[in-house]
Peer 1: 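Structure provided below as structure tokens; questions to follow.
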Amino acid sequence: MIGKSSLIKPRLQVESELAPSRTASVLAKAVRAALSYGLLLGLVAIALILASVSPTFLTRTNLLNVALQASVVAVMAFGETFVILTAGIDLSVGSVLGLTGVVMASTTNHFGTPLGILTGLALGAMLGTVSGLFITQAKMAPFIATLAMLAIGRGLTYVFTNGQPILVHSPTFNFFGQGSVVDVPVPVILMFAIFAVCWVILTQTRFGRYVLAIGGNPEVTRLSGIPIRRYVTMVYALTGLLAAVGGLILTARLGTGDPNGGIGYELDVIAAVVIGGTSLAGGRGSVFRTLLGALIMAVVANGLVLLNVNPFWSQAVRGCIILVAVLADSVQRKSWYE
Amino acid sequence: MSTATAEAAVQLIGIGKAFAGVQALRDVSLTASAGAVTGLVGENGAGKTTLLKILAGVYKPDRGRIALGGVPASFNDPAAAQAAGIAIIHQEVNVLPHLSVAENIYLSHLPRRGPFVDWPRLRDDCAAVLDNLRVKLDPETPVGELSLARQQMVEIARAIAQHARILAMDEPTASLSSEEVAILFSTIRQLTAEGVTVIFVSHRLEEVFEIADPIAVLRDGQMVGTMPRAQATTERVIELMVGRPIDRQFPKEVAEVGPVVLEVEHLSTEQLLRDVSLTVHRGEVVGLAGLVGAGRTELARAIFGVDRLSAGSIRIQGREVRIGSPADAIRLGIGFVPEDRKRSGLLLRFPLYANHTLPSLRRFVRSGRVVKRLETSAFQRWTKELSIHARDALEEARDLSGGNQQKVVLAKWLELSPQLLILDEPTRGIDVGAKVEIYDIMNRLVKSGTAILMISSDLPEVLGMSDRIVVMHEGRITGEFARGAAREQVMEAAIA
């Protein structure tokens, strides 16, 4: 007669009258601390395993290569971290990379490197702003608005290039992808520099605090006098800007504005953020952990190559990493369906 | 099951329960008779909810036993308690808003014909249950379209449809207007007349006195007194709850009233407000009374720049202002403590210092960087000032009790030294001791020249703490009274 519907089950209230909630939260904090170490430990463990099975892994050249491989996704993922912290999502980063990349290639050829790069970066920020305005002013769901931008950006890339790659003639431009300073590739330097800037923005500035607060509870934040629409729009602009930096690095590395550049990157970017443990519900996360997430993905991809694993496996392995990383985080939470 | 009409329908005997070393309940005994409403009162943390959860099979007691109609019972899980006829009605309604009344009531056992839902029978069954409860509701209305009180009726009907004979209600009136409370009470009386056992947990002593007999008081996990209603007085019950006599429930101190701070003239909004005019002076508490839905919160939101005005003007210290956003309001020296602190007042998973400095963060920036040390020390100052009980500034807001959470929300606005503070239900859901502390803070604020606009559905609170009382009904102001007005006058204006 009486079913097992959760409807009629007396609910466990989120806030108990009692101390256990405090004990639980202390415990959760300990678990969380272990996990943020865990991510680093995981990276080290994977590295140790690879070092023991492959003599080339720990060489300077290979490690720099790993960092180089990680750089484009990492830079874009720093931006995506901000978006996800506001409980949003930006699916358009791969397309923004593609469009800004070919536009940069073309404008650099016509007007020189500085103007070319500036145009590309401005375009990225502008595309992000457009997504942001659709989200904040037209009240669209971030998923929808940026899905549209994903299609529009890629479409414009093909229109702009007629589907043909654009060869970049400027060596100055290509320095940003192919050059190195004291043997460290420029993209790696860019990655760490942008990481540092993003870390400061997120942890040390009002902007960063507001981003976290908006993700924590937009209503509370708005009633505290923070113009949340403006901040959310700025966050999408930042993501667009950093996607354009990704476009710069990739285009400069290839020496070519590739109309297919960045296809599918949004998934790697979101994966890096998620492996880093930033909550898709917003409010909690860090760019440092996103950096670790991007590095773990690159290390594993590198390891598969070193171990001569059939490259077709790499996608599946990446999926498994996401599951393992998020599993560690989700065990402390109630099920989505409870 | 209906044979369980013995005097003591429910007996909890010597219940003890500890969580992680903290003794939540110690040797608690409670007897609830069939056909009676047993009131259970106590401060937050006294153990009321734990006791109900033990009755509902959510927790297993460490010691003690449960008897139903004199027969020992023990529940391994909530389903077992349900099967024994026990249902709990929570403070927040627990319904599926897009499904109909009938579907909500019968969701777990929809009548079927073959593999399909038997809709005609569902409708008839549902109508019968509602009729039995004397509740006039269309079984096909989506529950989301009903008022909160009606949604609660649906929950009660669901319990009855599942043959519950013992209903435990945990703060069922917390979000109901007084009209709706009246509807709920008539349903409760209907139920008890049919022999249902009701356990009624509430913070609002008035309501407990109205509906419950006997009344049991819990304090710090122990049963400190059970008395028939005839012997219960507010003073006595509060003293038992708090463990010490409270000299005055409303320690109002009248401050010197200065010039006008807020002047609202002929204000209207698209939605609800019509031609509202109101003033608040320096050093004055203006109490805004009315039923839920009268437009009091809407007025606060319009003044604070959340909702747009369609007509009318707002003056702050004599100067006409345009408040287009909360940021504008804050710049003009207005603070707003919203009614639902968990949803609109606090970032529950953020540390206290971050909650504290959210509206005033600009002040904690030095050469572009937010300086956490300044934030924590600012918060620490307020913990002393308002006696906030927190481990430290890094504790998460959700770990505090309701009273302390409310003080944190107050502190975050006081950091900006507002000239006008709007308090929406400032003491809802917090215990008696913490209430008096909030009143003391209000006294200190008006003495230092702050103007306070206090919205409250707790009429004794409005009467006890206001210098002036403004009453709203259906978006309009329907009465204004000086301090000392009679309860009946205010009620009359509220129903208008």
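All of these numbers come straight from a predicted model, not from anything done at the bench. Letters go in sequence order (proteins before strands), and every chain restarts at 1.
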Peer 1: Return the set of residues passing ring-ring contact (aromatic ring centres under 6.0 Å, His included) with A:Tyr231 (not counting sequence neighbours), or none when no residue passes.
Peer 2: A:Phe207, A:Tyr210
Peer 1: May I ask you to name which of A:Pro227, A:Ser224, A:Gly225 has the most heavy-atom pairs under 4.5 Å with chain B?
Peer 2: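 Of the options given, most contacts go to A:Ser224.
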Peer 1: I'd like to know if the side chain of A:Thr233 pairs up with that of A:Thr136 as donor and acceptor (distance under 3.5 Å, no hydrogens or angles considered).
Peer 2: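 The criterion, which ignores hydrogens and geometry beyond distance, is satisfied for A:Thr136 and A:Thr233.
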Peer 1: Any idea which of B:Leu416, B:Asp328, B:Val306, B:Val370 has the most non-hydrogen atom pairs under 4.5 angstrom with chain A?
Peer 2: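 With the most close heavy-atom pairs to chain A, the winner is B:Val370.
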Peer 1: Are there over 12 heavy-atom neighbours, none belonging to B:Arg363, within less than 6.0 Å of that residue's CZ?
Peer 2: yes
Peer 1: Check each atom of B:Phe304 against the heavy atoms of chain A and say whether the ones under 4.5 Å are side chain, backbone, both or neither.
Peer 2: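 Only the side chain of B:Phe304 comes within 4.5 Å of chain A.
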Peer 1: Checking A:Thr221 against chain B: side chain, backbone, both or neither under 4.5 Å from a heavy atom?
Peer 2: both
Peer 1: Any salt bridge (charged side-chain N to carboxylate O under 4.0 Å, His left out) pairs touching residues 212-226 of chain A, not counting sequence neighbours?
Peer 2: A:Glu219-A:Arg222, A:Glu219-B:Arg301
Peer 1: Name the member of B:Ile330, B:Asn355, B:Leu361 that forms the most heavy-atom pairs with chain A at distances under 4.5 Å.
Peer 2: B:Leu361
Peer 1: Quick check on A:Ile226 against chain B: is it the side chain, the backbone, both or neither that has a heavy atom closer than 4.5 Å?
Peer 2: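 Contact with chain B is through the side chain of A:Ile226 alone.
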Peer 1: Taking every non-hydrogen pair under 4.5 Å, which of B:Ala327, B:Ser360, B:Gly305, B:Ser344 racks up the most with chain A?
Peer 2: B:Ser344
Peer 1: Please state whether the side chain, the backbone, both or neither of B:Leu346 comes within less than 4.5 Å of a heavy atom of chain A.
Peer 2: backbone
Peer 1: Do you know the tightest heavy-atom contact between B:Leu421 and B:Phe336?
Peer 2: CD1-N, 4.4 Å
Peer 1: Is it true that B:Glu375 and B:Thr357 share a donor-acceptor pair across their side chains at a distance under 3.5 Å?
Peer 2: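 Yes, B:Glu375 and B:Thr357 have a side-chain donor paired with an acceptor closer than 3.5 Å.
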Peer 1: For B:Leu347, which atoms come within 4.5 Å of any heavy atom of chain A: side chain, backbone, both, or neither?
Peer 2: both
Peer 1: Against chain A, label B:Ala81 side chain, backbone, both or neither, depending on which of its atoms sit under 4.5 Å from a heavy atom there.
Peer 2: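 Looking at B:Ala81, nothing touches chain A.
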Peer 1: Answer with side chain, backbone, both or neither: which region of B:Ser325 has an atom nearer than 4.5 Å to a non-hydrogen atom of chain A?
Peer 2: neither
Peer 1: Between B:Lys372 and chain A, which part of the residue has a heavy atom less than 4.5 Å away: side chain, backbone, both or neither?
Peer 2: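 No part of B:Lys372 comes within 4.5 Å of chain A.
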Peer 1: Of all heavy-atom pairs between B:Ala390 and B:Leu352, which one has the smallest distance, and what is that distance?
Peer 2: CB-CD1, 3.5 Å
Peer 1: Hey, could you give me the CG/CZ distance between B:Leu400 and B:Arg398, rounded to the nearest 0.5 Å?
Peer 2: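 The distance works out to 11.5 Å.
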